[in-house]
Novice: 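This structure is in structure tokens; I'll ask about it shortly.
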Amino acid sequence: MGDTFQTIADRTATPEEAPRLARAVVDWLVTEGIVLAGAEPGWALGDDPAHPPGPHWQKAVDDARWGAPEGVAVYTERHVFYSNFHDGGPVAVTCPRCGAGVDSDDKAPAALFSTAMDAWRATGEADIACPACAEPVPLTDWDWTDDHLAFVHLGFQFWNWPWLSEEFRARVAEFLPGHRTAFLPGKV
């Protein structure tokens, strides 16, 4: 069976903005009764504390017919989120400057991205020269097919919840004004 997760990630929050923006979203989730206020260990996979589901968690999902979900972990530091729910083909990465696509399975670009990912994890900064236009582009700005990867400082990870509704995801995005968000579902 496995555990599932759905992450709403803010692709543009800075390290300085992340805690404030997270607080606004969590306050709203608590007010709506979607989660409880205190983050506790044991409500998410791993050691991260998470907010237990609240009495009205159903407001966040399309179909609440199957059991209660687990917690919502909130990340406000540098983090890489991924999705493994995609069509199974190669994951394309698109340059935001010129719109050219790069096949992540191609060895030369894959090596560039791998090196940049390691640098970003270590320092929070990494640029990749686009193979098509040669412009340096921050790793965080590249667009991944199906939001396959997100390199961010703010994310909300819902563990074992029924599918989050588009309306709910849009409402969360309203608390992140002017920011690009990504939705990354997956299973471990």
Side-chain angles (χ1 to χ4, degrees), residues 1-15 17-89 91-94 140 142-188:
M1 295 243 346
D3 291 293
T4 62
F5 57 87
Q6 297 170 72
T7 305
I8 300 171
D10 183 328
R11 295 174 57 107
T12 50
T14 66
E17 293 175 309
R20 175 182 54 80
L21 293 168
R23 177 60 21 217
V25 172
V26 169
D27 287 349
W28 171 71
L29 293 172
V30 169
T31 299
E32 291 291 314
I34 296 169
V35 301
L36 300 179
E40 305 170 7
W43 282 97
L45 191 64
D47 297 330
D48 296 318
H51 295 272
H56 305 294
W57 63 266
Q58 300 91 342
K59 291 180 178 182
V61 302
D62 278 335
D63 184 357
R65 286 183 284 185
W66 56 274
E70 294 180 25
V72 177
V74 179
Y75 297 88
T76 58
E77 296 178 355
R78 186 170 49 242
H79 201 86
V80 179
F81 291 106
Y82 69 93
S83 171
N84 55 16
F85 284 9
H86 59 89
D87 66 10
V91 175
V93 185
T94 304
T140 56
W142 287 83
D143 293 314
W144 297 80
T145 301
D146 298 328
D147 287 335
H148 183 67
L149 287 171
F151 302 86
V152 301
H153 293 90
L154 177 58
F156 305 89
Q157 197 160 52
F158 294 74
W159 283 96
N160 293 313
W161 285 58
W163 197 254
L164 298 176
S165 72
E166 285 189 35
E167 179 183 329
F168 173 75
R169 296 187 328 239
R171 186 69 178 108
V172 169
E174 289 176 15
F175 287 92
L176 312 168
H179 290 218
R180 293 184 324 142
T181 59
F183 178 62
L184 303 104
K187 185 175 183 177
V188 291

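Just so you know, these numbers use all the heavy atoms, side chains as well, and skip hydrogens, waters and symmetry mates. Note that the structure is a prediction, hence the values are computed from the model and not measured.
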Novice: Output every pair passing salt bridge (Lys or Arg N to Asp or Glu O under 4.0 Å) with a member in residues 34-51, not counting sequence neighbours, ordered by first then second residue.
Specialist: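 Qualifying pairs, neighbours excluded: none.
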
Novice: Could you tell me which residues satisfy side-chain contact (heavy atoms from CB on, under 4.5 Å) with Ala22, sequence neighbours excluded, listed by chain and number?
Specialist: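 Per chain and number, Ala22 pairs via side-chain contact (heavy atoms from CB on, under 4.5 Å) with Val74, Thr76, Leu154, Phe156.
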
Novice: Between Trp144 and Phe151, is any pair of side-chain heavy atoms under 4.5 Å apart?
Specialist: yes

Novice: Return the set of residues passing side-chain contact (heavy atoms from CB on, under 4.5 Å) with Ala173 (not counting sequence neighbours), or none when no residue passes.
Specialist: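 Result, side-chain contact (heavy atoms from CB on, under 4.5 Å) vs Ala173: Thr181.
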
Novice: With side chains defined as the heavy atoms from C-beta onward, is the minimum distance between Asp62 and Ser165 less than 4.5 Å?
Specialist: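 The answer is yes, as the side chains (C-beta and beyond) meet within the 4.5 Å cut-off.
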
Novice: With a 4.5 Å limit on heavy-atom distance, are the side chains of Leu36 and Pro55 in contact?
Specialist: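 The answer is yes, as the side chains (C-beta and beyond) meet within the 4.5 Å cut-off.
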
Novice: Look up atom CD1 in Ile8 and atom CG in Leu176, then write down how far apart they are to the nearest 0.5 Å.
Specialist: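 Between atom CD1 of Ile8 and atom CG of Leu176 there are 8.5 Å.
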
Novice: Which heavy atom of Gly38 sits nearest to which heavy atom of His51, and what is that distance?
Specialist: C-ND1, 3.8 Å

Novice: Looking at Pro15 and Pro19, what are the two nearest heavy atoms and their distance?
Specialist: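 Closest approach of Pro15 to Pro19, heavy atoms only: O-CD, 3.4 Å.
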
Novice: Tell me, please, which residues at least two apart from Trp57 pass ring-ring contact (aromatic ring centres under 6.0 Å, His included).
Specialist: none

Novice: For Trp163, what residues pass the ring-ring contact (aromatic ring centres under 6.0 Å, His included) criterion, not counting sequence neighbours?
Specialist: Phe183

Novice: Does the side chain of Val152 reach to within under 4.5 Å of the side chain of Thr140, using non-hydrogen atoms?
Specialist: no

Novice: Can you tell me which residue pairs pass the salt bridge (Lys or Arg N to Asp or Glu O under 4.0 Å) test with a partner in residues 64-85, sequence neighbours excluded?
Specialist: Asp63-Arg65

Novice: Does anything in residues 20-32 form a side chain to side chain donor-acceptor pair (under 3.5 Å)? List the pairs, not counting sequence neighbours.
Specialist: Arg23-Asp27, Glu32-Lys59

Novice: With sequence neighbours excluded, what pairs up with Trp142 under the ring-ring contact (aromatic ring centres under 6.0 Å, His included) test?
Specialist: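 With sequence neighbours excluded, Trp142 shows a ring-ring contact (aromatic ring centres under 6.0 Å, His included) to Phe113, given in chain and number order.
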
Novice: Using the side-chain contact (heavy atoms from CB on, under 4.5 Å) criterion, which residues pair with Ala60? Sequence neighbours excluded.
Specialist: Ile34, Trp161, Leu164, Phe168

Novice: List for me each residue that meets ring-ring contact (aromatic ring centres under 6.0 Å, His included) alongside Phe81, sequence neighbours excluded, and say none if there are none.
Specialist: Tyr75, His79

Novice: For residues Ala50 and Ala44, report the shortest heavy-atom separation together with the two atoms involved.
Specialist: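 Closest approach of Ala50 to Ala44: CB-CB, 3.7 Å.
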
Novice: Looking at every heavy atom in both His153 and Ala18, which two are closest together, and how far apart are they?
Specialist: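 So the two residues come closest at O-CB, 3.2 Å.
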
Novice: Just how far is it from atom CG of Leu21 to atom CZ of Phe175, taken to the nearest 0.5 Å?
Specialist: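 It comes to 11.0 Å.
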
Novice: Where do Ala9 and Ala150 come nearest, in terms of heavy atoms and distance?
Specialist: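 Here Ala9 and Ala150 meet closest at CB-CB, 4.3 Å.
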
Novice: Does a side-chain heavy-atom distance below 4.5 Å link Leu184 with Gln6?
Specialist: no

Novice: Spell out, as yes or no, whether a donor-acceptor pair under 3.5 Å connects the side chain of Asn84 to the backbone of Lys187.
Specialist: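 Between the backbone of Lys187 and the side chain of Asn84 there is a qualifying donor-acceptor contact (under 3.5 Å).
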
Novice: Output every pair passing salt bridge (Lys or Arg N to Asp or Glu O under 4.0 Å) with a member in residues 161-175, not counting sequence neighbours, ordered by first then second residue.
Specialist: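 Applying salt bridge (Lys or Arg N to Asp or Glu O under 4.0 Å) to every pair that reaches into residues 161-175, excluding sequence neighbours, yields Arg171-Glu174.
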
Novice: Going by the rule side-chain contact (heavy atoms from CB on, under 4.5 Å), which residues pair with Leu45 if we only count those two or more places apart in sequence or in a different chain?
Specialist: Asp3, Trp159, Val188

